[in-house]
Number of protein chains: 2
Amino acid sequence: MRKVVSSGQPTIKEIAKRLNISVSTVSRALHDHHSIGLKTKARVKELAAELNYERNQTAVYFQQGKTFTIGILLPELSEAFFSSAISGIEDTAYSNNYTVLLGQSHDDEDREKQIIQSMKQHRVDGCIVSIGKNTRNYEHFEMLRQARIPVVFFDRVPDLPNIHAVSVNLESGTIQAVDFLLKKGHRVIGMINGPEQLVASKERATGYIKALRKHRLKYDPELIVNADLTAAGTDSAMEYLLSLKRKVTAIVTFNDYVAMDAVQYALKRKLEINKDITFVSYANTPVSGYTAFPPAASVEQFPYEQGQAATNMLLSLLNGEHPLNDYTNTIMESQLVIHNR
Amino acid sequence: MRKVVSSGQPTIKEIAKRLNISVSTVSRALHDHHSIGLKTKARVKELAAELNYERNQTAVYFQQGKTFTIGILLPELSEAFFSSAISGIEDTAYSNNYTVLLGQSHDDEDREKQIIQSMKQHRVDGCIVSIGKNTRNYEHFEMLRQARIPVVFFDRVPDLPNIHAVSVNLESGTIQAVDFLLKKGHRVIGMINGPEQLVASKERATGYIKALRKHRLKYDPELIVNADLTAAGTDSAMEYLLSLKRKVTAIVTFNDYVAMDAVQYALKRKLEINKDITFVSYANTPVSGYTAFPPAASVEQFPYEQGQAATNMLLSLLNGEHPLNDYTNTIMESQLVIHNR
DNA sequence: GTTATCCGCGCAAGCGTTTGCGTAACACCT
DNA sequence: AGGTGTTACGCAAACGCTTGCGCGGATAAC
């Protein structure tokens, strides 16, 4: 028989042989099992330390059918929102002795499926997923369910029944945002929203409407425009909004980047920011503080905290503290942050 | 004997039993081994598909002593530079059928050690590491070497002999930056550099000096100041530079964030940007394009590409295409990007 | 017709660890 | 002396998969 890999690493078998005891005794000694005598324990531990013994986790994973690993699948690792979320996930996973396996889908459904497949083969204990923009088919997640691998979705949550999810309620933040503008005296408030099918866009829209209703103001559908989040899309959205008969004095933009594009456009049109026109946005990107005209306020979406919450939910699922079939949808509140300058 | 986990997942044993053949035949059939008859292969594959068989990777990993997993250890997952790098690493790992295990050190040496330890126990095949700011002790990497786990360092590379590394040569970019300023007529050029012990700081400084020498200009040490990269630190650096007898008309800042802070300071001092004072910087952060006064140029450091290069290097080490003890230090050239507005 | 060749498959070991159970040895109580 | 515990350890199976080797039978070569 060929020895596949010699790796050199000492095993419990090695320790057992040298000490003339059985491997089971060594294993138990290293785990501080009560049925092992103190002197034996000491001898084992001493030799283990001397040999630089390190337990072969792959063997344990295999034997236990558990890997203490969670898979995390996101559209884009380099996006600020997601990279903060990863940070939150890794931190709480780390402090619970879990490790994190990473994959990015680039919003490609096929790649998403392949990554899920690979994580399943890797026998991750659970997954945290933010789905891609174009994902319409959810059979890969159905496979995970069948394999009894729990999944917690976050932020970009699929429209499915019976899932575990963590997301942020943008409605509340939007209401705060519109409230803020109304209190400043604005009456004609535009909104540059994102693609219609996105849940996030819907929440923004309903928040906007609810805020107006709260103040007994009429909602004018003309004031909401769906854009594609590119600079060009923002430009035409701005062009449209500024062309309306009713003079728009404030605009809620989909995120800080859109806001910055919109500001550029407004400047070209010789509008004075915060006077002729005021912007409120989402994400609260720190860098917007460096711009000449940051949005007057921005809705914080707490990516780090969402990552933490999703991980905690997954861990309680894994620990059995929470039944797998008790589907919970944790919704965090977003919060308007006012930039005073 | 207690059955540890029933998991429900079918195994090759199951397939073998149903087909009345041996497990070895099943295994080989699934691997398209030449010594298995075509009809048997077909039968096996059919049943495997029907049962939704999926190979238990943990068993394979264990048996082969290889996990097709690479560990990546970075100071901060949420920093733009590193998250781009992660993206590059994940992409090339993915297309080579490797998966990626993640850990962040938060620049804490102890945590760095623990993560390395955990990755070692996880039996990752190799590691890609960017060390923490405060790491002075490298014994954890020495342990990896002893365990024959190859490590490729990138960007933040320790000052050790005999390591594999990928980094970007900031000297060339700095020379380009200073060249750029000289051509624009600037003669008194300041530099807000980072902490002295950082290699990156040293490279910036030598690049600066070399560029001046190239143009037969005298180097005035007073013009380089080391700062701590905080807004306050930048302010005092600016105060110092602007207080010099020789009038500084251009400043090279450590990165775009420092540049933005410096711009704010200059504005407070009623200086006109790009007229009284011009800034050139590093990182080429896209967001700086939105600011009122972005640096006139910025040295691109190619984090995504560095990630790719590091991964490719590690993979060729793992595939034996490159001997482990042939230490290579790939240095990519940074490149000045001029922002025309 | 004998020998060499190849095809198709099974046997069994082995990867490192955990763990239920069995069992000596000894002490204690009655 | 017999019974009941307790302590300290060993035996061996099991997790799922890969792979060197052996072997019977069919085919080809001489």
Side-chain angles (χ1 to χ4, degrees), chain A residues 1-45 48 51-68 120-123 125 147, chain B residues 1-45 48 51-68 120-123 125 147:
Chain A
M1 184 105 344
R2 186 172 69 92
K3 200 160 181 193
V4 180
V5 143
S6 65
S7 90
Q9 301 270 77
T11 70
I12 52 171
K13 202 182 283 186
E14 175 100 15
I15 298 183
K17 199 172 298 171
R18 296 216 197 192
L19 258 40
N20 258 321
I21 57 182
S22 77
V23 289
S24 48
T25 302
V26 175
S27 172
R28 281 192 255 256
L30 292 173
H31 284 85
D32 267 329
H33 194 279
H34 62 272
S35 84
I36 302 297
L38 291 167
K39 333 96 200 174
T40 334
K41 272 187 196 171
R43 290 203 311 155
V44 169
K45 289 184 179 175
L51 293 183
N52 247 309
Y53 167 77
E54 211 158 49
R55 171 218 261 113
N56 184 338
Q57 283 294 65
T58 64
V60 178
Y61 293 157
F62 165 56
Q63 204 260 358
Q64 314 253 332
K66 201 175 180 236
T67 58
F68 287 95
K120 195 178 155 202
Q121 288 192 176
H122 240 278
R123 295 293 205 267
D125 293 339
Chain B
M1 187 104 343
R2 186 171 71 89
K3 201 162 181 192
V4 180
V5 144
S6 65
S7 92
Q9 300 271 79
T11 69
I12 52 172
K13 201 182 284 183
E14 175 101 14
I15 298 182
K17 200 172 297 173
R18 296 217 195 191
L19 259 39
N20 258 322
I21 57 181
S22 75
V23 289
S24 49
T25 304
V26 176
S27 172
R28 280 190 258 253
L30 292 173
H31 284 85
D32 268 327
H33 195 278
H34 63 272
S35 84
I36 302 296
L38 291 166
K39 335 94 199 179
T40 338
K41 271 185 195 170
R43 292 204 309 156
V44 169
K45 288 184 180 175
L51 294 181
N52 247 310
Y53 168 77
E54 213 159 47
R55 172 214 265 113
N56 184 337
Q57 284 293 69
T58 63
V60 179
Y61 294 158
F62 164 54
Q63 202 260 356
Q64 313 254 336
K66 197 171 183 234
T67 59
F68 286 97
K120 194 179 157 201
Q121 287 192 176
H122 241 277
R123 293 295 204 264
D125 293 339

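Order of the sequence lines fixes the chain letters, A, B, ..., with proteins taken first and strands second; residue numbering starts at 1 for each chain. Predicted model, so just to flag it, every value in this text is computed and none were measured.
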### Task
Under 4.0 Å between any heavy atoms, over every strand shown, what does A:T11 touch: base, sugar-phosphate, or nothing? Just pick one.
sugar-phosphate
### Task
Confirm from the modelled atom types if B:S24 and C:dC9 form a donor-acceptor pair under 3.5 Å, side chain to base only.
no
### Message
Just N and O in the side chain of A:K13: are any of them under 4.0 Å from OP1 or OP2 of C:dC15?
### Response
yes
### Value rounded to 0.5 Å, distance of OG1 in A:T67 from CZ in A:R123
10.0 Å
### Query
Given atom CG of A:D32 and atom C1' of D:dC9, what is their separation to the nearest angstrom?
16 Å
### Task
Write down the atom of A:Y53, the atom of A:I12, and the distance for their closest heavy-atom approach.
OH-CG2, 3.4 Å
### Query
Less than 4.5 Å apart, any side-chain heavy atom of B:V44 and any of B:I21?
yes
### Task
Look at B:S35 and C:dC9 and indicate whether a side-chain polar atom (N or O) is within less than 4.0 Å of OP1 or OP2.
no
### Message
Determine whether the aromatic ring of B:F62 stacks with the base of D:dC17, defined as ring centroids separated by less than 5.5 Å and ring planes inclined by less than 30°.
### Response
no
### Query
For DNA chain C, what are the stems built from at least three Watson-Crick or G-U pairs in a row, each pair having both distances below 3.5 Å?
C:1-30 with D:1-30
#### Entry: Matching residue for B:V23 among B:K13, B:K17, B:R28, B:E14 - test: side chain to side chain contact (heavy atoms under 4.5 Å, CB included)
B:K13
### Beyond-backbone contact of A:V60 with A:N56, side-chain heavy atoms, under 4.5 angstrom
no
### Rounded distance in Å - NE2 (A:H33) to P (D:dT6)
16 Å
### Task
Using atom NZ of B:K66 as one end and atom C1' of D:dC17 as the other, report the distance to the nearest whole Å.
17 Å
### Query
Just to confirm, is there a sub-4.0 Å distance from OP1 or OP2 of C:dC9 to any side-chain nitrogen or oxygen of B:T25?
no
### Summary
Comparing nearest nucleotides in DNA chain D, the 5'-proximal residue of the pair A:H34, B:P10 is A:H34
### Rounded distance in Å - CD (A:E14) to P (C:dG16)
10 Å
### Length of the line joining B:I21:CD1 and C:dG10:P, which is rounded to integer Å
6 Å
### Task
Take atom CD of B:Q9 and atom C1' of D:dC15, then tell me their distance rounded to the nearest Å.
14 Å
### Query
Rounding to a whole Å, what distance do you find between A:N20:CG and D:dG10:P?
9 Å
### Message
At 4.0 Å (heavy atoms only), tell me whether A:Y53 reaches a base, stays on the sugar-phosphate, or touches nothing.
### Response
sugar-phosphate
#### Entry: Geometric class of the A:Y61/B:H122 ring pair [parallel <30°, tilted 30-60°, perpendicular >60°]
tilted
### Query
Between B:V23 and B:A59, which has a closest nucleotide on DNA chain C that is more 5'?
B:V23
### Query
A:I36 CD1 to D:dG10 P: how many Å, rounded?
8 Å
### Summary
Comparing B:K39 with A:H31, nearest DNA chain C nucleotide closer to 5' gives the residue B:K39
### Query
Counting only N and O atoms by type, is there a donor-acceptor contact under 3.5 Å from the side chain of A:H31 to the main-chain atoms of A:H33?
no
### Task
Please state whether the phosphate of C:dT18, meaning OP1 or OP2, lies under 4.0 angstrom from any side-chain nitrogen or oxygen of A:S27.
yes
### Message
Does A:T40 reach a base, just sugar-phosphate, or nothing at all? Heavy atoms under 4.0 Å.
### Response
sugar-phosphate
### Message
Rounded at 0.5 Å granularity, tell me how far CG in B:L30 sits from CD1 in B:I15.
### Response
5.5 Å
### Message
Of the listed nucleotides (D:dT18, C:dC11, C:dT17), which one gets closest to any side-chain atom of B:Q64?
### Response
D:dT18
### Message
Over all strands shown, is B:R28 touching base, sugar-phosphate only, or nothing at heavy-atom distances under 4.0 angstrom?
### Response
base
